[in-house]
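To find a chain, count down the sequence lines: A is the first, B the second, and so on, and within it residues start at 1. When reading the values below, keep in mind they use all heavy atoms of this one structure, side chains included, and skip hydrogens, waters and symmetry mates. All values reported here derive from a predicted model rather than from experimental measurement.
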Amino acid sequence: MKLLTHNMLTSKCLKGVLVGYPLKIEVQDLRICEVNCNLDFLIRVIPRIDYPVLYTAMETLGYANDLPSEKPEDYQTNEEFLKKLHHALFEIEIINGNLLCPETGRKFPINDGIPNMLLNEDET
Amino acid sequence: MDILKFGYVVPTVEETMSKIWKKYLLWFAHQHANFRKEEMNSIISMFKITLRLVFESTDHPFWIVELSSPDEAYLIASRSVLLRYCIELWARSTNIEVLHSDLKSYPKDEIELYLSTTFKVVVETFCKHYTQREKVEKIETFNYLPLKGSVNLKNPDTTLFYIEYYGIESNSIPEKPIELFFGRWIADGQRDTIQKLSLKSRKFIGNTSMDPQLSIIMANQARVKKGDMVLDPFVGTGSLLIIASIFGGYTFGTDIDFLMLHARTRPSRISQKIRDKDESIASNMEQYGVKSRFLDVLVSDFSRTLWRTDMQLDAIITDPPYGIREAVERVGTLKSNPFIEDDQIHYPSKVIYKLEHLFIDLLIFSVKHLRLNGRVVFWFPLFRGKYSEDQLPFHPCLTLVASSEQILSNYTSRRLLTYEKIKEPETDDPACTIGEANFRDQYFNMRKESRTVRRLRQSGERARQRMEWEMRKTTNGDKT
Ligand SMILES: C[S@@+](CC[C@H](N)C(=O)[O-])C[C@H]1O[C@@H](n2cnc3c(N)ncnc32)[C@H](O)[C@@H]1O
């Protein structure tokens with residue numbers, strides 16, 4: 001799972017959970033894969049990103065140094081920043097681990113890079 | 001002259017005057033003809049191209065249009081899968097004498113520009129066979145053209161087309177061609193992409209993998225462009241995401257089927273006993289060279305909220321369950337296998353009950369997450385014969401831009417529906433609705449499962465859940 005996906009994901013599927021965001025991350029295996037960078041897409045995607053959530057996720061994974069804690073004013077033209085952002089959103093993959101609901105602590109396992117957000121019958 | 005008016009602006013007189021309009025011949029594949037107009041409308045509105053129709057047809061495999069620049073013809077050809085090729089039309093007639101005299105009066109400087117380089121002439125005779133010798137004789141009748149360059153059959157700078165059209169009735173071919181065309185080849189459409197995406201050579205496929213040609217049509221209907229965010233909420237083996245990524249979209253998907261996303265379902269190739277270890281949607285993306293535009297897939301139930309409320313998408317393309325492939329006949333073949341993977345077989349009682357809701361949920365979801373003018377494209381099953389638009393799902397913030405039928409059996413068909421978001425929701429909007437349940441009941445009654453089939457299905461479901469639990473245990477156990 002990429003951090004771009006994590007940035008959009010909630011645990012609102014759970015009964016009684018209203019916000020369910022952001023999900024906490026527990027990592028067992030990570031993989032870094034180089035991915036072609038598309039600056040146009042990045043610029044388009046920035047307004048759709050919750051930046052503090054992305055930064056916290058990077059902190060959890062131990063990569064706090066790879067991203068500024070705040071989005072620079074000139075983010076649209078700041079190429080160095082855009083490259084870092086690209087790395088954070090697309091190149092870090094959580095292969096195995098868990099996502100945790102911030103309200104209930106319910107664990108959603110990630111296996112082989114694929115999060116399982118299904119609930120058991122008694123949770124619906 | 002007709003002007004197509006589908007979701008784009010008709011140019012002002014000044015704009016029209018300042019451009020040089022030329023005629024183009026668009027030759028289509030003789031397949032899915034009732035998707036032709038819809039695909040073309042989507043493509044021209046995506047690229048903001050104004051296309052004037054001179055001749056349009058679903059019966060005949062060609063259209064004649066006017067465009068203000070060959071670049072627009074290239075753009076159309078870069079996307080259309082129903083288009084075979086596009087020709088800059090120099091002459092057209094029903095009579096060979098007239099064709100020649102028209103060609104002789106075509107502006108000389110225009111022709112010379114292309115004929116002073118290397119060239120070749122292609123003769124296409126539709127619905128009638130001619131030998132190579134006869135074709136050469138036909139070419140020779142054009143020897144008045146100022147062909148100054150040299151012939152190059154392999155890699156010419158210019159390809160000229162002479163087309164004789166004998167209609168489409170192969171059992172009553174007329175003596176003389178119905179129509180004749182002469183012109184300069186501009187570009188081929190995307191017929192090759194169908195081959196490229198063939199399921200036969202694709203790493204990971206399933207029983208419900210979407211036909212490549214229809215997938216391409218869907219991505220065109222959704223107007224997927226470079227840098228778009230595209231979601232398939234019923235992703236299966238991800239066929240629809242592949243073409244969306246090829247068109248430059250950033251793609252992701254969800255599916256309720258854990259085993260499907262982990263490629264642990266029974267292989268759908270007869271020749272294959274077990275699935276390869278590296279089968280997955282991600283490896284398909286790698287196979288087609290678009291892994292950098294594939295984001296993720298997640299196991300999740302569409303009827304539950306998963307995403308941030310303000311997540312914004314450019315397009316949604318999907319084939320929800322009950323896309324028809326679960327015809328009753330098919331169920332029998334599953335008897336000997338406890339690991340039945342077909343969603344329709346696994347969750348039917350749940351889904352049949354909720355089917356109306358699924359489509360309503362899909363429209364509400366689309367309105368919530370699509371940007372303005374973003375599109376949702378999906379298949380909708382129907383009982384044939386009594387179709388009217390008010391049977392389709394309706395949402396006040398979406399407008400239906402296309403509904404093309406694909407016939408599946410005497411009784412059933414499915415329609416490819418394309419909706420565009422036209423406004424943000426407001427509190428006093430009318431509700432999202434779906435047409436009369438009647439015809440839908442009929443549709444499902446026709447394929448009610450027998451008792452034994454249901455029992456088999458339920459035991460299959462139990463076996464599956466057990467396996468999933470065991471897998472979950474081992475994957476978690478491994479790590480902790
Ligand atoms: C017709 S198939 C889609 C096939 C896909 N287009 C492909 O190319 O493989 C429908 C998919 O919907 C999934 N599905 C069924 N019910 C679902 C639900 N409630 N939420 C999410 N996915 C569901 C099924 O597992 C199945 O893979």
Legend entry - B:I274 atom CD1: more than 12 heavy-atom contacts under 6.0 Å: no

Legend entry - Contact class of A:I114 relative to chain B, heavy atoms under 4.5 angstrom: both

Legend entry - Those residues of residues 46-71 of chain A, ordered by number, that approach chain B below 4.5 Å (heavy atom to heavy atom): A:R48, A:I49, A:D50

Inset, instruction - Answer yes or no: are there more than 12 heavy-atom neighbours, outside B:E424 itself, under 6.0 Å from its atom CD? - result: yes

Legend entry - Residue selection (most heavy-atom pairs with chain B, distance under 4.5 Å) from A:M117, A:E93, A:R44: A:R44

Inset, instruction - Please look at B:S280 and chain A and tell me whether the side chain, the backbone, both or neither of the residue comes under 4.5 angstrom of a heavy atom of that chain. - result: neither

Inset, instruction - Spell out, as yes or no, whether a donor-acceptor pair under 3.5 Å connects the side chain of B:K291 to the backbone of A:V35. - result: no

Legend entry - Proximity breakdown for A:D40 and chain B, heavy-atom pairs closer than 4.5 Å: neither

Inset, instruction - Enumerate by number any residue of residues 73-92 of chain A whose heavy atoms lie under 4.5 Å from heavy atoms of chain B; in the absence of such residues, state 'none'. - result: A:F90

Inset, instruction - Could you check which of B:T305, B:L261, B:T254, B:D296 has the highest count of heavy-atom pairs closer than 4.5 Å to chain A? - result: B:D296

Legend entry - Nearest-0.5 Å distance that lies between atom CE in A:M1 and atom CZ in B:F252: 13.0 Å

Legend entry - Nearest-0.5 Å distance, OH of residue B:Y250 to CG of residue A:N38: 3.5 Å

Inset, instruction - Could you list which of residues 225-234 of chain B have a heavy atom closer than 4.5 Å to any heavy atom of chain A, in residue-number order? - result: B:K226, B:G227, B:D228, B:M229

Inset, instruction - Give a yes or no on this: more than 12 heavy atoms of other residues, nucleotides or ligands lie within 6.0 Å of atom CG of A:N36. - result: no

Legend entry - Contact listing (chain B partner; residues 5-27 of chain A; heavy atom under 4.5 Å): A:T5, A:N7, A:M8, A:L9, A:T10, A:K12, A:C13, A:Y21

